[in-house]
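Reading through the structure tokens given below for one structure.
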Amino acid sequence: MKRGIATWLLGMAVLALQGALTRVLPFALAPDVLLLGVVALGLHWQGRTAGLWLVAALGFGVDAVSGSLFGQHALLYLVVFVVTAKLSRPLYLRGSVALALFAALATVLTAGLAATLTVLLTGAPFPAWAWGIDLAIHAAINGVFAPGVSAGLALWLGWLAGDEVASNRPVPLESRSGAA
Amino acid sequence: MFKPWKRTAGPLVFLGLALLALTSMMSDRGSVRAGGRDLPWWEGLVVDAIAGVQAVVSAPVDGVRDTWAGYVDLLDVRERNLGLEARVAVLEEEALQYREALVASGHLERIAEMRADYEIAMLPTKVVGFGAGLSFRSLLVDRGRADGVRPGQPVIHHDGVVGLVTATSGGAARSMLILDPQSSIDAIVQRSRVRGMLRGRGTGSLDFEFATRGGDVLAGDVVLTSGLGGVYPKGLRLGAVTEVAAARGQLLRRAQVEPGVDFGRLEQVFVMLFRAPSMELLYGAGEGREETAAR
């Protein structure tokens, strides 16, 4: 519980910083640290049910501040969290390259899904094709930042758990001769 | 007994939360169509807290940016000054001619009376940050319900229209930018008086859709609010046409419009303490009374 609240507060602080950052950087060039954080939670968070509550709370927090429909980010973050957790092992998402590619793909899919939901629910037109260029740049930026965010979150969770590296703790190997 | 529950708890929680998110979206879409809403206390608390943090973070960012911009501006200040002096002389001459013409026709006094009638109070606010996400274009300002800001009020800058207040908390307000794909404004071309709809594209430019028949729109034309959409007052600058698509026998043509406002450099904006009649209808008469009384 304490771990979840602390991580949610961290997420809100990151959201505030990210909002301030987009005053200096164009939208496309600013990494979506919250989305990358959700991907990282899918990789490192222990306990699926508590993780679901956490990412939904993060999503509702983002919805309160951004101009999206209330609940949209919550839904997207839930999907991203579950998909990341499911594909973590088959795709070996703990490797930097695989994680970067996955984060870029997740960016494109979530943005596309968000735009589609907005079109369906509000009747707004679909964004212009030039938006796709911004999205491609944004996805690439997110891909670059994904391994760093993942490593940072693993350290944060480790620190909360009183352990330096929570989920990447090496498994002690014993030699066959027993002289390890 | 315990194990099956443990296995199904995850999917059940996922389904429950997804359903909650979907229900929230469905109920919120009504407020989006209506132009905005007052946030509930807990949501307002999150927005106020984030706006507070962003205001603190923005201060040094603004300082560095202003210092740099000041230095860059100094480099060509003499040349610009000479150009501006020449322009001021031309404009003064033009203004004099217009005033003479108006006085001659006896309209000046009437216009002065009308201006007093339609004078709208404007509240200066500081931009503390932009909303997260590429699909939504919104900004957060540091004034909210306590200062009289209400959903449905226009947000402007001296370069043109910025957007519309869509949600308010006690000490902050969220505004949807005109760049957002959900934004749609009834607009008019200043030169030819051609009317059309100006829509956000989710990018840095806007789409102006107008009727092909009699549609005289050229690159460089200034686009203003028409005042007919029932949201923005008439005559606010929206941007300038950069490109007009060739007519292909359709009923509607499109032009690309560059917004008058440089959204990347916004620091201070004004909330017009005004809600157009159609917004009053959407929100009911009760809420708009304070603004009307204030005016």
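Only this structure's heavy atoms are used, side chains among them; waters, hydrogens and symmetry mates stay out. Chain A is the first sequence line, chain B the second, and so forth, proteins listed ahead of strands; every chain is numbered from 1. If you're wondering where the values come from, they're calculated on a predicted model, not measured in any experiment.
Side-chain contact of B:Asp142 with B:Thr125: a donor-acceptor pair under 3.5 Å is absent, judged by distance alone. Between the side chains of A:Thr107 and A:His138, not a single donor N or O lies within less than 3.5 Å of an accepting N or O. The closest side-chain donor-acceptor pair between B:Arg174 and B:Ser138, if any, does not fall under 3.5 angstrom.
Listed options B:Arg201, B:Glu267, B:Arg199 were ranked by heavy-atom pairs under 4.5 angstrom with chain A; first place goes to B:Arg201. Counting heavy-atom pairs closer than 4.5 Å to chain A, the top-ranked of the candidates B:Val127, B:Val47, B:Leu139 is B:Val127.
Cation-pi geometry between A:Arg3 and A:Trp45 is met: under 6.0 angstrom from the ring centre, within 45 degrees of the axis.
Under the 3.5 Å distance criterion, the side-chain polar atoms of B:Thr23 are matched with a main-chain donor or acceptor of B:Leu19. Within the 3.5 Å criterion, the main-chain N or O of A:Gly71 finds a donor-acceptor partner in the side chain of A:Asp63. Not one N or O on the side chain of B:Gln256 forms a donor-acceptor pair closer than 3.5 Å with the backbone of B:Val244. At distances below 3.5 Å, not a single donor-acceptor pair connects side-chain atoms of A:Asn142 with backbone N or O atoms of A:Ala104.
Of all residues in residues 77-85 of chain A, those placing a non-hydrogen atom less than 4.5 angstrom from a non-hydrogen atom of chain B are A:Leu78, A:Val79, A:Val82.
Proximity to chain B (any heavy atom under 4.5 Å) is shown, for A:Leu35, by neither the backbone nor the side chain. In this structure, chain A has a heavy atom under 4.5 Å from the side chain of B:Leu22, while its backbone stays farther away. Interface remark: B:Leu140 contributes side-chain atoms only to the contact with chain A (heavy atom separation under 4.5 Å).
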